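Read the structure below first, then the notes.
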Amino acid sequence: MHDDRKKILVVDDDERHLELARSILEAEGYSVRTHASGFGVSGVMQAFRPDLVLLDITMPGIPGDDLAAFLLAEERTRHTLIVFYSSLDESDIMRSAVNRRVRGFIRKGDIETLRSKVRFFLHNHCEQAMNEAFSRRRLYAVE
Amino acid sequence: MNELILIVEDEEDVAELLRYNLQKQGYRTVVASDGEQALRAVQYGDPDLVLLDIMLPEMDGWAVCRIIRESERGASLPVIMVTALSMEEARVQGLRLGADDYVTKPFSLPELLLRIRRLLDRDQALKELRTKTTAQDDSMKYLVHELKNSLSLMDGYSHLAQTAQQDSPYLHHIRSAADHMDQVLEQMSVLVRLERDRNALERRPVEVLPIVEEAVESFRGAVRDAGINISLEGKARSAVLGNATALRQVLVNLLSNAVKYNRPGGNVVISLEGADRSVNIIVRDEGVGIRPEELPKVFDKFFRGTGVAGVKGAGLGLHVVKLLVEAMQGSVSIASSEHGGTTVTVILAKAPGAHRAATPAGSTERSREVQGHAR
């Protein structure tokens, strides 16, 4: 049977974060794939074709912000929605996001934030529904 | 030693005299004979101090001083003005333009050397302090990040365990402790940054209503648990000159207090009122209130009211609110009566031109699409 669940790829060097994100997001009805390294992400994206990628920033070897810049420059991966998933200081995440042209971020913290932000990103991106809420949000979202 | 001193002097014999004596003291020297050369030397030579003659051909020393101060490299570069004019006016002008010190021609060499040494020592001490401060900031950020990372795991997994084991009260306590630590970390990182530098916040036009709506939304769960009703009134739509992250934190702190200190079943009302040149954000609760004698102290660091036994807190929430609001150049006030609830009013200046909110200065079309979210 065809699986039409939305697909989310979570990239984080910490397995515990991957497991937590998987548990929470699968309970929300998404199909989740995790990847525990900054290396090999574009290959996983090719195979899994996620609707959304959650990308940790502080990873050894290749930091998430460098990785994002790379993925957004590659023809094969540039059309996928990538957002940062990090517990860094909000202003630091925001700066990285703006610098690397990443379209959003989710701050690690409480799981309600994770749930609602993922819903928000998938809804707004996938249906291209630039509803009023979204366009209003765009105005203030960047510092 | 071996600091590099830039001598800006168009009279060759004076320049030579300075160069000879400074080198005898062990300094390295470079001479510029006009303003343009001087500015180039500041830009590329990386001098440690500038001896700047006022009477220069073409561009005078004042102009050079002003340009040095405006450049990134020269903002804190020690500058000693050398002026033949012993007039007070000229000296004042030099100091006003950012010179650190001055000597008048004809100058006494021992005095000049002493002034140079003193200024260089002071600059060195400042540089060391800045390095130390930056290192401390980095350590603080690292600490906050690492702890938050672990706390988010504690919070998440105890939530999952709670779901799996049908609401163990032990897990509830673990979660609330993790949550408290998380909030303290959040407040502390704001505190450290703003105590260091009150101008650390960038101010930009920010649309208030969506941030308020989002903050109210994020409290839905908490108010449901506490049996409290939260509502949003007077939805004036207006952009203020502020900072979205700071505003979010202010609202989270105020709403968190209004929920925490409310009476069971009480109301929290948040309203937005647009005034002529400002926007008022008012948060009202129906809680125990604050004793009149304690009211003047509520914005103090670590202050905790005595009428709130049994409610956890670190005494940072309102203090951080005040710091953040003032960093946005707004004001905050509080009114309360015992058992009559508390009202906090935040006043922020409207952004110049309402339409400006749609195009924050310096942001590109793409960057405006980034989505932020407070926890």
Side-chain angles (χ1 to χ4, degrees), chain A residues 12 14-17 19-24 27 56-58 72 81 83-118 120-121 124-125 130 132-143, chain B residues 140-142 144-153 155-157 159-160 163 175 178-179 182 186 189-190 193 200-202 204-211 213-214 217-218 220-221 237 239 242-249 357-360 363-364 366-375:
Chain A
D12 198 314
D14 188 334
E15 298 273 2
R16 298 168 305 172
H17 277 293
E19 184 53 38
L20 180 62
R22 176 204 292 282
S23 306
I24 293 165
D56 183 28
I57 295 179
T58 42
L72 289 171
L81 178 60
V83 303
F84 287 136
Y85 182 50
S86 164
S87 51
L88 285 175
D89 194 65
E90 186 170 314
S91 53
D92 288 342
I93 307 179
M94 205 112 78
R95 194 171 313 125
S96 290
V98 172
N99 288 344
R100 303 312 175 108
R101 301 184 168 252
V102 163
R103 300 222 9 221
F105 65 88
I106 301 175
R107 188 122 183 259
K108 284 177 187 168
D110 62 333
I111 53 188
E112 198 39 58
T113 300
L114 178 61
R115 285 186 186 128
S116 63
K117 288 293 283 185
V118 163
F120 174 79
F121 283 128
N124 284 289
H125 187 72
M130 293 299 184
E132 209 215 349
F134 185 49
S135 46
R136 265 195 289 132
R137 273 160 196 266
R138 294 203 317 169
L139 304 184
Y140 72 85
V142 169
E143 280 306 291
Chain B
M140 179 73 190
K141 268 191 183 165
Y142 179 81
V144 170
H145 168 234
E146 288 302 310
L147 291 182
K148 278 191 82 76
N149 214 20
S150 295
L151 283 169
S152 69
L153 289 170
D155 182 76
Y157 280 115
H159 180 92
L160 290 178
T163 316
R175 276 196 81 193
D179 192 49
D182 191 67
E186 199 69 41
S189 54
V190 173
R193 199 167 45 209
L201 275 191
E202 256 183 90
R204 289 206 177 132
V206 175
E207 188 68 49
V208 182
L209 184 61
I211 300 186
E213 284 175 336
E214 191 181 280
E217 206 49 47
S218 72
R220 289 276 175 226
R237 289 193 61 170
N243 176 298
T245 309
L247 190 53
R248 252 179 249 133
Q249 178 92 47
T359 49
S363 77
T364 63
R366 188 50 171 271
S367 70
R368 267 188 283 123
E369 291 172 15
V370 175
Q371 302 297 318
H373 199 304
R375 50 151 294 137

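Bear in mind that the values here come from a model prediction, so they are computed numbers and not experimental data. Lettering of chains follows the sequences in order, A, B, ..., and the numbering in each one begins at 1.
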Q: Might you point out which heavy atoms bring B/D155 and A/I111 nearest each other, and give the distance in Å?
A: OD2-N, 4.1 Å

**Q.** A/E112 and B/R220 ion-paired at < 4.0 Å
**A.** no

Q: Return the option, out of A/V83, A/T58, A/I93, with the maximum number of heavy-atom pairs under 4.5 Å with chain B.
A: A/T58

Q) Given that the side chain runs from C-beta out, which part of A/D14 has a heavy atom under 4.5 Å from chain B: side chain, backbone, both or neither? A) side chain

Q | Distance-minimising heavy-atom pair for A/S87 and B/H145 | A | OG-CD2, 3.1 Å

(Q) Run the side-chain contact (heavy atoms from CB on, under 4.5 Å) test against A/R22 and tell me which residues pass, sequence neighbours left out. (A) A/E19, A/E26, A/V32, A/T34

Q. Looking at residues at least two apart in the chain, or sitting in another chain, which of them share a side-chain contact (heavy atoms from CB on, under 4.5 Å) with B/R193?
A. A/D89, A/S91, B/A200

Q) Taking it one step at a time, do A/E90 and B/Q249 satisfy side chain to side chain contact (heavy atoms under 4.5 Å, CB included)? A) CA-CA 11 Å; A/E90 186 170 314; B/Q249 178 92 47; over 6 Å; no

Q | Separation between CG of B/L153 and NZ of A/K108, rounded to the nearest 0.5 Å | A | 7.5 Å

Q) Non-hydrogen atoms of chain A under 4.5 Å away: do they reach the side chain of B/L160, the backbone, both or neither? A) side chain

Q: Please lay out, stage by stage, how B/S152 and A/R107 fare under the test side chain to side chain contact (heavy atoms under 4.5 Å, CB included).
A: CA-CA 10 Å; B/S152 69; A/R107 188 122 183 259; over 6 Å; no

